[in-house]
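I have placed the structure first, in the form of structure tokens, so that the comments after it can refer back to it.
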There are 2 protein chains.
Amino acid sequence: MSVAVAQAPARKGPQTAARIREAALELFSRLGFERATMAEIAAEAGVSQATLHYHFADKGQLWRAAMLQLRAVISEEERLLEAAADAPPEVQLRMAMRLFLRISWNHPALGRIVALEGMAGGERLDWLDAHLIGPRNRRLAELAQAAIDSGALKPFPAATMIITLQAAGAGVINLAPMMRRSFGLDPSEPAAREAHERLILDALLGGLLQPRTT
Amino acid sequence: MSVAVAQAPARKGPQTAARIREAALELFSRLGFERATMAEIAAEAGVSQATLHYHFADKGQLWRAAMLQLRAVISEEERLLEAAADAPPEVQLRMAMRLFLRISWNHPALGRIVALEGMAGGERLDWLDAHLIGPRNRRLAELAQAAIDSGALKPFPAATMIITLQAAGAGVINLAPMMRRSFGLDPSEPAAREAHERLILDALLGGLLQPRTT
DNA sequence: TCATTTTCTGATTTGAAAGTCAGGAATACT
DNA sequence: AGTATTCCTGACTTTCAAATCAGAAAATGA
């Protein structure tokens with residue numbers, strides 16, 4: 001009773017809501033919005049289906065709440081890039097891609113969600129663009145454009161380069177089930193991950209850089 | 001009555017079935033298996049929903065029938081590659097990627113389907129691997145391995161390279177809705193398409209080649 | 001303790017999409 | 001023409017998942 005008790009039992013609701021959001025993010029990203037059912041999410045979170053509706057008005061709102069968990073990840077990335085704002089743009093771009101890969105590995109949900117909704121279009125993509133990925137995409141494209149203007153990067157359309165780099169970087173991770181089926185390989189092994197990082201950062205990004213003229 | 005009549009009115013069924021398959025491919029690839037409804041496909045094909053069930057037992061079989069339309073595309077690609085079997089592997093690989101891009105532009109359904117099912121896994125991916133993309137994937141990986149062995153390509157894992165190249169090549173096309181939303185760009189414009197082709201074939205593929213030591 | 005609020009659930013309703021079926025219309029066959 | 005076959009449809013049943021609701025259980029505060 002005296003001192004070391006986890007002070008304040010606190011309301012239990014928020015904690016349950018958090019568990020639900022986590023389960024929802026996992027299932028939405030693995031299966032997409034339609035295939036993921038409220039019943040499955042409830043089961044995964046260890047609550048009844050009605051509890052989902054107690055904490056979140058409907059499936060759409062649960063989806064958005066689940067996505068908002070990724071905001072922290074994006075913000076952290078932004079913060080780290082901000083700190084390197086003085087470096088030459090091509091150095092910043094390489095750093096951005098390294099961060100992108102790190103996020104793709106540690107939070108594969110984000111890449112899968114973007115791929116799913118980015119293909120389908122519609123209101124969920126609009127929401128993602130406004131709240132999660134739009135500013136980031138445009139910031140990266142500006143970076144690429146700056147690198148082009150400084151002569152460090154080959155002059156391809158900046159937006160196309162950024163989207164292509166992201167698709168290439170997330171491809172092996174998103175398509176892990178296909179890698180398994182077609183090649184019997186598990187791309188999440190540490191060795192595979194390291195080779196992948198060099199492939200993207202050195203080989204592919206290297207191909208975009210202007211050859212040194214010095 | 002005499003001569004020039006379109007000989008043999010022919011059975012009408014196959015033609016209707018073909019229209020249904022086309023509508024199904026379009027909708028399945030744009031929306032995924034679950035979001036595409038039988039009612040929508042029927043409307044798109046201009047027939048009643050019951051007609052779908054007359055020609056195809058259930059939704060799964062319609063999906064497979066729709067996919068089989070892409071077999072001709074894959075076979076043609078294979079034929080063209082076969083004809084260049086004598087060229088050095090890195091030349092064949094570049095040609096394969098050029099063909100891949102051409103298919104991605106002309107039949108965007110294929111890339112979207114592969115992305116959707118390749119992420120989700122499950123029985124539809126198994127089917128695709130067995131009937132459509134597995135042999136092609138493995139053939140391309142062998143090509144990449146040969147190019148590595150001959151010293152023309154940097155020694156990254158062949159399967160990873162192939163999947164990454166495909167993801168990069170199809171990325172801008174698959175993610176056209178996101179390009180529109182985040183950048184206001186339409187990647188299907190001819191100019192964009194040409195820049196995209198050079199980006200993939202020259203810059204990215206170039207980054208994978210060993211620098212000339214001669 | 002007792003009242004009040006928060007949190008949760010089982011049972012039920014609603015809605016939407018897949019799938020079935022009996023029969024009508026069109027086509028082909030003799 | 002008459003018959004058989006193929007093709008198609010409207011109306012219906014079934015299934016499944018989202019959403020609602022009345023009230024129980026748990027936590028909180030006096």
Side-chain angles (χ1 to χ4, degrees), chain A residues 1 5-67 116 120 122-124 127, chain B residues 1 5-67 116 120 122-124 127:
Chain A
M1 275 106 182
V5 177
Q7 82 285 33
R11 297 249 165 262
K12 215 178 139 201
Q15 186 185 332
T16 307
R19 266 213 327 283
I20 294 173
R21 277 195 298 269
E22 278 169 42
L25 180 59
E26 175 60 24
L27 284 169
F28 279 136
S29 80
R30 274 223 321 268
L31 306 173
F33 184 78
E34 347 283 330
R35 265 197 262 203
T37 69
M38 297 295 269
E40 245 180 313
I41 295 169
E44 178 83 13
V47 297
S48 81
Q49 194 173 340
T51 302
L52 264 56
H53 287 280
Y54 171 74
H55 289 284
F56 307 95
D58 58 23
K59 198 180 179 185
Q61 194 179 311
L62 173 56
W63 184 86
R64 288 189 291 276
M67 293 309 121
L116 281 169
E123 60 176 2
R124 282 193 296 281
W127 189 94
Chain B
M1 280 95 194
V5 177
Q7 81 283 32
R11 297 247 163 262
K12 215 176 137 202
Q15 185 185 333
T16 307
R19 267 214 326 284
I20 294 173
R21 276 195 298 269
E22 279 168 40
L25 180 60
E26 174 60 24
L27 284 169
F28 278 137
S29 81
R30 273 223 322 267
L31 305 173
F33 184 79
E34 348 282 330
R35 267 198 260 201
T37 70
M38 297 296 268
E40 246 181 312
I41 295 170
E44 178 83 14
V47 297
S48 79
Q49 195 174 341
T51 302
L52 264 56
H53 287 281
Y54 172 74
H55 289 284
F56 307 95
D58 58 22
K59 197 179 179 185
Q61 193 179 311
L62 173 55
W63 184 86
R64 288 188 290 276
M67 294 309 122
L116 280 170
E123 61 176 4
R124 283 193 296 280
W127 190 95

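Proteins come first, then strands; the chains are lettered A, B, ... in the order of their sequence lines, and each starts at number 1. Basis for what follows: all heavy atoms, side chains included, without hydrogens, waters or symmetry-related copies.
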Just how far, in rounded Å, is [atom2] of [N] from [atom1] of [X]?
X	N	atom1	atom2	answer
B:Q15	C:dA26	CD	P	16 Å
B:L31	C:dA17	CG	P	12 Å
B:H55	C:dG19	NE2	C1'	16 Å
B:F28	C:dA17	CZ	C1'	13 Å
B:F56	D:dC7	CZ	C1'	13 Å
B:R19	D:dC7	CZ	C1'	12 Å
B:K59	C:dT20	NZ	P	15 Å
A:L52	C:dT7	CG	C1'	14 Å

Minimum-distance nucleotide to [X] side chain [options: [options]]:
X	options	value
B:H53	C:dT20, C:dG10, D:dC8	C:dT20
A:T51	C:dT9, D:dG10, D:dC7	C:dT9
A:S48	D:dA18, C:dT9, D:dC8	C:dT9
A:M38	D:dT9, C:dC8, D:dA18	D:dA18
B:T37	D:dC8, C:dC8, C:dA18	C:dA18
A:P14	C:dT7, D:dT9, C:dT9	C:dT7
B:D58	C:dT9, D:dT9, C:dG19	C:dG19
B:Q49	D:dC7, C:dT6, C:dA18	C:dA18

Practice problem: Name the nucleic acid region contacted by B:A17, choosing base, sugar-phosphate or nothing; use a 4.0 angstrom heavy-atom cut-off, strictly under. | Solution: nothing

Quiz item: So, A:K59 side chain and A:F33 main chain: donor-acceptor pair closer than 3.5 Å or not?
Solution: yes

Quiz item: Any sub-3.5 Å donor-acceptor pair from A:R19's side-chain atoms to A:A45's backbone N or O?
Solution: yes

Self-check item: Given DNA chain D, 5'-ward residue of the pair A:A50 and A:A36, judged by closest heavy atom
Solution: A:A36

Quiz item: Given D:dC7, is OP1 or OP2 found less than 4.0 Å from the side-chain N or O atoms of B:T16?
Solution: no

Quiz item: Within less than 4.0 Å of OP1 or OP2 of D:dC8, is there a side-chain N or O belonging to B:Y54?
Solution: no

Quiz item: Less than 4.0 Å between a side-chain N and a carboxylate O, is that true for B:E34 and B:R124?
Solution: yes

Quiz item: What are the two closest heavy atoms between B:Q61 and B:D58, and how far apart are they?
Solution: N-OD1, 2.9 Å

Practice problem: Apply side chain to side chain contact (heavy atoms under 4.5 Å, CB included) to the pair A:F28 and A:L62, showing each step before the final yes or no. | Solution: CA-CA 10 Å; A:F28 279 136; A:L62 173 56; 4.2 Å; yes

